[in-house]
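All remarks here apply to the structure that follows.
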Amino acid sequence: MQSNSQIKLERIDKFRWRVPKNAMKGMRVDGKIYSSSKLIKGIEGDASVNQVANVATLPGIVGESLAMPDIHWGYGFPIGGVAAFDLNEGVISPGGVGYDINCGVNLTRSKLFADDIRDRLPFLADVLLSQIPCGVGVGGDIVLNAKEMRKVSELGARWVAKRGMASLTDIEHMEEGGCLSSADPEAVSDRACERGRDQLGTLGSGNHFMEVQEVQEIYDPKAAQAMGLEVGQVVFMVHSGSRGFGYQICQEHLKKMGNASNKYNIPLVDRQLACAPIQSPEGKEYAGAMAAGANFAWANRLILVHRIRRIFEHVFGMGAEKLGLGLVFDVSHNIAKFETHLVNGKKQKVCVHRKGATRAFGPGDDRVSPAYRGVGQPVLIPGDMRTGSFVLVGTGQAMEETFGSTCHGAGRVLSRTAALKATRGRDLTGSLEKDGVYVRARKLKTLGEEAPEAYKNVDSVVDVAEGAGIARKVARLKPLVVIKG
Amino acid sequence: MKSKKQTYKYKLIDHTADFGAEVYGAEIEDVAAGSLSAIAEWWGIPPPSISENVIIATENLIEVVGGRTIDTLIEALNEWCFLVQHRYILVTEISLVWTEVSLTISWLSKDEITPPALESEIKAVTFHEGTLERFEVGIFQWYTRWIADV
């Protein structure tokens, strides 16, 4: 199924295309897509371009409706969509965040080197699969009552640290310190709490993963040094989100926002763009619930890191200090946040929606963790399970152009069914193992759906982000072990 | 077990990262039943059979207040996902009633499922490009299409 767009894109320069304001009735601002001659062919004429235009119709949008180089068709907003809204005139939309609130990625470094542990990788892979709760609906050993669920959603990463599963240094190395203080646990339903009560510290399924990786190449030695990264070093990456807790929050508020859109006479070109004025009761309630979901996700990823640290200690027979398992950074990919940016040369507080996009604040910004203020905020870009992933940093250019945002991943090119067909009859696990990647999955179907060819070439995506100046490459990471739900 | 003859057909449809379904049914209840079968196929579990033996009981009931609209269906499908994915109930038989004011799915279950039995997770059935239509002619007069985020 593919809805087609008739919108004609205007090329601005090598890495930028404009969706002109007159391309569709109701657009209030231009759209802008970051891409390349090669990548743009994959989206020209598809629904994601329409979605960039659709977002531009929403009231109070500031600047442009933006799409990052990994843009693809989403619900309401495109995946890779970024849009900021004026606090008084603008709206907040669950469709601009997505179901998996604060789905994101974190990266932890170690003092191990890949060449020293290659013979242990198959065992490490087996232990990780058996010890990390993952897969459809799989709960973990942390089961919380509704009261404690609300505590997690209020405190985020700090809840994890209070229970001895993370350090204050970990928290300093997380976007927003792993907690949005605007969370309103009372805006979260009992059903959401029920869905999340046994899901803290669980990976989930679909595109969520845990990878052990090797630092393959360093592009920016100064930034790499700030992050404690060097060639050959072993690191691990976790990709997960707010699990059922976040899905339920989004689902409930989409329904409420549908009613609110009618109430406030907001014309919608797509039901999934349902929204409410930021200052309305409905808008405030969603913002509070969404922040609670975001906090849950930060806690979830941090507990996963805690579990993996313990597994490393067990598998390699070393203590935490000797292993040096320090969190490099944790970023969100799906979130709406109140941030101050320069708009038309003036500082303005806006509500920035990032859906399948990463905050990429540049050097010198006092909102960046002190450890990285000199080089820019780390940006983590997972690729596919064969090619690898990237560590980038935010830039001043991103602050000027994209409300401090950049891409979030490779972006899919094949549907799940097409990926399954493409890999049918092939020994995907064996072929990855020949490349030195040990893959373990709860379900073989997931493995086929998430096959490397299902994704765009992550290098192409990252090259656009760097070419456009909205991020800068720091390091390339090669997978060694991949765990899928 | 007294079963009702299946009067729907469905096909799963592709979406970039997700999946959807198109369902045709003789009656409006049939597109709901076909939607449940489409979801069961995605999960890789047997679809529930439609039975007249299912007794309506509040503890085994999904009731969504709403008219004969796509919104009502989507809300019911999301409740269905919660029942199976979170409460781990493997529904074997269902009975459906869709009036002008509500959609009711009564269900019977023989087993619980262990979570890994499901092939894939559904985050939610979305409103994106969802539709429920009635044609004036033909055997399959009702049609629905929806997309799920997975």
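In what follows, chains are A, B, ... by sequence order, proteins preceding strands, each numbered from 1. In this text the structure is predicted, and so the values were computed from the model without any measurement.
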Can you tell which part of [X] gets under 4.5 Å to a heavy atom of chain A, answering side chain, backbone, both or neither?
X	result
B:Val125	backbone
B:Phe127	both
B:Glu22	neither

For this session: Give a yes or no answer on whether the side chain of A:Tyr75 reaches the backbone of B:Ala148 with a donor-acceptor pair at less than 3.5 Å.
Result: yes
Proximity breakdown for [X] and chain B, heavy-atom pairs closer than 4.5 Å:
X	result
A:Thr417	both
A:Leu414	backbone
A:Glu252	neither

Charged N-O contact under 4.0 Å between [X] and [Y]:
X	Y	answer
A:Arg271	B:Asp71	yes
B:Glu121	A:Arg243	yes
B:Arg87	A:Glu194	yes

Using every non-hydrogen atom in the two residues, find where [X] and [Y] come nearest and quote the distance to one decimal.
X	Y	answer
B:Ala124	A:Tyr99	CB-CE2, 3.1 Å
A:Ser415	B:Asp14	OG-OD2, 2.7 Å
A:Asp100	B:Lys123	CB-NZ, 4.0 Å

Euclidean distance, [Y] [atom2] relative to [X] [atom1], rounded to 0.5 Å:
X	Y	atom1	atom2	value
B:His128	A:Asp270	NE2	CG	5.5 Å
A:Ser205	B:Ile122	OG	CD1	10.0 Å
B:Glu119	A:Lys443	CD	NZ	5.0 Å

Exercise. Heavy-atom count around A:Lys255 NZ within 6.0 Å, excluding the residue itself: above 12?
Worked result: no
For this session: Compute the ring centroids of B:His86 and A:Tyr247, then answer whether they are less than 6.0 Å apart.
Result: no
Exercise. Do you know which of A:Gln251, A:Gln199, A:Gln248 has the most heavy-atom pairs with chain B at a distance under 4.5 angstrom?
Worked result: A:Gln251
Problem set entry | Heavy-atom pairs under 4.5 Å with chain B, option from A:His72, A:Arg191, A:Arg416 with the top count | A:Arg191
